[in-house]
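Proteins get letters first, then strands, A, B, ... in listed order; numbering begins at 1 in each.
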Amino acid sequence: MTTKFGKGCHLHLIDGSAFIFRAYHALPPLTRKSDGLPIGAVSGFCNMLQRYVEGNHAADTPTHLAVIFDKGSHTFRNDMYDLYKANREAMPEDLRPQIPLTREATRAFNIACEEMEGYEADDIIATLSCQARDLGGRVTIVSSDKDLMQLVGDGVEMYDAMKNKVIDRDGVFEKFGVGPEGVVDVQALAGDSVDNVPGAPGIGIKTAALLINEFGTLEALLDRAEEIKQPKRRQTLIEKREQIELSKKLVQLDCNTPLEFTLDDLEIKDPDPEVLLGFLAKMEFRTLTKRIADALDAELPAIEDAAPVAKAGEAPAEVEDLPIDPEAYTCVSDLETLNTWIAEARHQGYVAVDTETTGLDNMTADLVGISLATKAGKACYIPLTHSKGGDDLFGGSELVAGQIPLQDALDALKPLLEDEAVRKIFQNAKYDCKIFQRYGIIVQGIDDTMLMSYALYSGLHGHGMDALSERYLGHNPIPIKDLIGSGKSMITFDKVDVEKATRYAAEDADITLRLWQKFAPQLHHAKVTRVYERLERPLVPVLAQMERHGVLVDRDTLSRMSNAFAQKMAGLEADIHEMAGESFNVGSPKQLGEILFDKMGFEGGKKGKTGAYATGADILEDLATEHELPARVLDWRQLSKLKSTYTDALQDHINKETGRVHTSYMQTGAATGRLSSTDPNLQNIPIRSEEGRRIREAFIAPEGKVLVSLDYSQIELRILAHVAGIDSLKQAFREGQDIHAATASEMFGVPLDQMTSDVRRQAKAINFGVIYGISGFGLARNLRIPRAEAQGFIDRYFERFPGIKDYMDATVKFAQENLFVETLFGRKIHTPEIAAKGPRAGFAKRAAINAPIQGTAADIIRRAMIRMPEAIAGQPAKMLLQVHDELLFEVEEDAVDQLIATAREVMESAASPAIHLDVPLIADAGQGCSWAEAH
DNA sequence: CTAGAGCGCTCG
DNA sequence: GTACGAGCGCTCTAGC
């Protein structure tokens, strides 16, 4: 038999018993929730193992690793001396059942787990150490047991995991006063009361070391005992010679244990996530399971909440459905009371928090008050800056009495809000976190009921608090309208009566807490914990930061464009009126329809519920071949759109203080996992038309910086090629081919070098059509070809790529059976409409086909965004915007290349390690002074 | 006067 | 009756 183990290998041997006892004594007597089984030592043992394999230690990284256990209580030493270890205390009752579990734990980690009947763990360790050393390898013994110190020497060291210290020759010398080769002799003389090794009475370690150093070896000492000057010591050595020689045999470790395995069997192997997480979940180790699932990037297994008692920071398993009573809330008006609430939150490990402000724009809104909830029904409101009715016209407003000074309250709350160990529960955490950040508080340790609802129920309903409260708590919250009114007479929250505000604000915190108690256990059952914890929650601070940065927009550029558009529009309008023979509102589809179809007599039909003529671009384009008027209307509409939505409205969104535009990203807006952007929407800035594209010239970088854009190339088609398993498409992507041309070539048999732009255009339309859940009708309309011809294309496409058809059919079937579909990362998108009859079923089918593709792409860019801040930390660069498959950065001029390299790497590797794609992800980069140049 | 539906257009 | 996913400005109407 040949052995691979040799030079360059590094064997680590963990003393299992030492780990177990250390774990047992270090932790309180924990029990498994579901049945009360003691598991404290197992828990500690697993934690120590995990920390060790993570490499979180001072010793070198192992290539081979084993945990060595004792087996049975009778060993060959008992045959020599029946009192050996007779003084050992009996094992504690609650530790005994945990011993086999530590073996199971070791195997679950996929670490070699070794023991031998009749031998101590120390003998196995000794044997392995000798073997490894003889083969030229190195050994680290993970233990601080002094009995093992005799093994230290060339290539063999010990490692004290507790003190994170390596013990080498010097370390041994410190302990015994002799080198490792003298340890056995010293121990034989000094004896060991714990193991009941007799040794020489009256001689301790210090004396023993002195003697061994003087005589060299124990044998020499015993032979020349007569020479000892001290009479008592001389007598002992002579009289107790036999006992000392026995002691030496007892402490001498056996390097020739007949092992039934080889060093090669100890090679490090990765754990099987399913086995390991399964074991940890069985033990009900919540924190550790989560940590290891994170480390392995694996799905978190469900752990039943068996007992009603909650651990700190975890939701109670059983929620009391107390009625919601706004009169029961308290108003906190002094610091002492506030401190009792803070103490309760700390004691519990979680607290629901809500802020009240003067407006919805969190860049400018000021804090008015804060509400907290610690238990269902137990909530308070802390008014801070409520003021009397008078406004600034009368020389400023006066604060209402009975409020804690703002700064005092914030100083008291800051440590709580910034303590990661106390869970702060929000409904829409991004808003409140941004408010707090403006007051110098960086909230850590958040949960967000809105995001929980989104992870659980995306596609089923909205995730606003009112909807969630009604649906899951059967309670309609007090409408904000009742407090601040609406429309022109709307007031700001600081003018609201404090008692009314208390009922409203504390209720919001109470509801948030109750929703959290409902949702938290559901995440596990729905298997979306990982989606929530890895794709939703960590995105909150990233988006908050992007929104705070904002993007610089040049008002003058927009203003000049606006004027130019206005002039052109006026000219067009005059032309249109003249052609129509009367003056009318060109912006009114209703009036336009009447002019076109009633007065001018064009062919066309009524449409929709209102009975108005349809005058969409497609219809006007058809009419434009016959008459100038519809063509002019199309031009007018384009300019009108650009002016009203972009050059005009955008100016109103430029922040007075920053000169920048701060959009707001909605994380729960799109059912597929995409973000949406509002106030203003920066995800639909024109680019397709030359004229519209110029709007992007107004998005600029400040002096000395440039804008950098990176966008994923064809990410959805790549995902389709992967999920449907289309070899030819995957191959085309791997070779970096033009995918639409490749599709056309495959479909129509045209060689790539003879491809015409028209054939390619048709293939491109089909490719996109497939992603959208293709239909002959839709493709016909898009390509403006007869429906039968379009259907022919589709048929041929499915013939060439049968895997696509299979994927579509399988996805629809899955949706019909489960009423949801999933992305590759486990995001669930519910599709209840799939069960509907009639045309609605068609919509639902196409949506079901599209959702996993669009959603997987959305998940990938989310992962990139979550990793990005850390990846570019230290670079003079900021991530500003996300447009579904594009990220826009603002970077100092001389750092552009570095930023592109880093961001590209993050984006292109964003799918791994959670999933492996059969196609590469490619991000294209551009840069320039404006967004027009960068994209 | 205000809220909301409908239309049409912008983006990926 | 139809491509998938979004947001917003404008017009028009219903209803206070």
Just call it for [X]: base, sugar-phosphate, or nothing, with non-hydrogen atoms closer than 4.0 Å on any strand.
X	result
A:Gln638	sugar-phosphate
A:Ala612	nothing
A:Ile771	nothing

For [X] and [N], give me the distance from atom [atom1] to atom [atom2], rounded to whole Å.
X	N	atom1	atom2	value
A:His463	C:dA6	NE2	P	10 Å
A:Glu690	B:dC11	CD	P	12 Å
A:Phe768	B:dG12	CZ	C1'	9 Å
A:Tyr772	C:dG5	OH	C1'	8 Å
A:Asn782	C:dC4	CG	P	12 Å
A:Glu716	C:dA6	CD	C1'	13 Å

Between A:Arg674 and C:dG5, is there a contact of a side-chain N or O with OP1 or OP2 at under 4.0 Å?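 Indeed not, no polar side-chain atom of A:Arg674 lies that close.
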
Below 4.0 angstrom from OP1 or OP2 of C:dA3, is there any side-chain N or O of A:Arg846? no

Heavy-atom donor-acceptor pair, A:Arg688 side-chain to B:dT10 base, under 3.5 Å: no

Quick one: does A:Arg787 reach the base of C:dT2 with a side-chain donor-acceptor pair under 3.5 Å?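 Under the 3.5 Å cut-off, the side chain and the base do form a donor-acceptor pair.
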
Runs of at least three Watson-Crick or G-U pairs with DNA chain C, cut-off 3.5 Å: B:1-12 with C:4-15

Please tabulate, for the side chains in residues 923-932 of chain A, all donor-acceptor contacts under 3.5 angstrom to protein atoms that are two or more places apart in sequence or on a different chain.
{"from": "A:Ser930", "atom 1": "OG", "to": "A:Ala932", "atom 2": "N", "distance (Å)": "3.2"}
{"from": "A:Ser930", "atom 1": "OG", "to": "A:Glu933", "atom 2": "N", "distance (Å)": "3.3"}
{"from": "A:Trp931", "atom 1": "NE1", "to": "A:Glu886", "atom 2": "OE2", "distance (Å)": "3.0"}

Using a 4.0 Å heavy-atom cut-off, write out nucleotides 8-16 of chain C from 5' to 3' as B (base contacted by protein), S (sugar-phosphate only) or - (no contact). BSSSSS---

Provide the distance between the two P atoms, one in B:dG6 and one in C:dT2, to the nearest whole Å.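 Between the two P atoms, the distance is 14 Å.
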
Using the C1' atoms only, state how far C:dA3 lies from B:dA5, rounded to an integer number of Å.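 To the nearest whole Å, 24 Å.
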
